[in-house]
Amino acid sequence: MLSKKTKYGLKALTFIARNEGDMPVQVSKIAKSEQIPSKFLEGILLTLKKAGILGSKKGKHGGYYLRKEPSEILMTEVMRVLEGPIAMVPCVSLNYYEKCDDCPDEHKCSVHKLMIEVRDSTLKVFRNTTLADLSNTNR
């Protein structure tokens with residue numbers, strides 16, 4: 001299941017992409033519009049900032065802004081930052097591979113084979129979806 005952190009992060013990014021213009025978007029505005037608890041949202045936005053997806057500006061007209069065009073922000077990047085590995089089991093992860101303790105031979109494992117297909121299908125969707133697709137912006 002998708003975590004609330006990721007769901008809220010996607011909603012916040014979409015809101016920022018739709019409303020950005022030249023001005024940063026305030027956390028309170030995002031929280032109110034998207035019905036996200038402010039403190040929880042602040043942590044999510046900070047995570048996205050540390051990953052280089054968002055930038056921030058302090059002060060009266062401060063808030064968060066996208067560091068790239070929405071069309072340049074792939075869902076693979078966002079999902080990995082907020083959710084962690086895309087693969088459902090560590091033995092098929094491209095970036096976080098670990099051998100499963102309970103599996104004597106990955107190449108004969110039916111779960112491994114199935115999870116490779118799930119991973120590849122999921123990656124195809126995430127790689128072909130940008131923030132512009134989610135927010136209906138063509139920037």
Q: Measure the OG-CD distance between S71 and E69 for me, rounded to the nearest 0.5 Å.
A: 6.0 Å
Q: Please tell me whether I86 and L114 are part of a single hydrophobic cluster in this structure, the criterion being side-chain heavy atoms less than 4.5 Å apart.
A: no
Q: Would you say the side chain of L66 lies within less than 4.5 Å of the side chain of L13, judging by non-hydrogen atoms?
A: yes
Q: Would a 4.5 Å heavy-atom cut-off, applied to side chains only, mark L123 and T76 as touching?
A: yes
Q: Applying the 4.5 Å side-chain criterion to the ILVMFWY set and letting contacts propagate, would M88 and V92 be lumped into a single cluster?
A: yes
Q: If you define the side chain from C-beta out and look only at heavy atoms, does anything of L10 sit under 4.5 Å from M75?
A: yes
Q: Are any of the side-chain heavy atoms of Y65 and V25 separated by less than 4.5 Å?
A: no
Q: With a 4.0 Å cut-off, would you call E83 and K7 a salt bridge?
A: no
Q: Tell me, do F15 and I30 make a side-chain contact under 4.5 Å, heavy atoms counted?
A: yes
Q: Identify the two heavy atoms, one from R18 and one from L134, that lie closest to each other, and give their separation to 0.1 Å.
A: NH2-O, 3.4 Å
Q: Which side-chain N or O atoms in residues 33-60 pair as donor and acceptor under 3.5 Å with protein atoms at least two apart or in another chain?
A:
unit_1: T47; atom_1: OG1; unit_2: G43; atom_2: O; d: 3.0
unit_1: K49; atom_1: NZ; unit_2: S56; atom_2: OG; d: 2.9

Q: What do the steps show when you test E72 against R67 for salt bridge (Lys or Arg N to Asp or Glu O under 4.0 Å), and what is the final call?
A: CA-CA 10 Å; E72 297 172 351; R67 298 212 38 210; over 6 Å; no
Q: With sequence neighbours excluded, what pairs up with C109 under the side-chain contact (heavy atoms from CB on, under 4.5 Å) test?
A: C103, V111, H112
Q: Once rounded to the nearest 0.5 Å, what's the spacing between atom OG1 of T122 and atom CZ of R127?
A: 11.0 Å
Q: What's the separation between atom CD in E77 and atom CG in L82, rounded to the nearest 0.5 Å?
A: 10.0 Å
Q: Has N95 got more than 12 heavy atoms of other residues, nucleotides or ligands less than 6.0 Å from its CG?
A: yes
Q: Can you hop from L2 to L131 via hydrophobic side chains spaced under 4.5 Å?
A: yes
Q: Check the pair C91 / E106 against side-chain contact (heavy atoms from CB on, under 4.5 Å), numbers first and verdict last.
A: CA-CA 8 Å; C91 67; E106 286 178 3; 3.6 Å; yes
Q: So how far is it from I116 CD1 to S121 OG, rounded to the nearest 0.5 Å?
A: 11.5 Å
Q: Which residues pass the side-chain contact (heavy atoms from CB on, under 4.5 Å) test with T130, not counting sequence neighbours?
A: L74, A132, D133
Q: Does the side chain of D120 come within less than 4.5 Å of M115's, by heavy atoms?
A: no
Q: May I ask you to decide if S93's main-chain N or O and R119's side chain share a donor-acceptor pair within less than 3.5 Å?
A: no
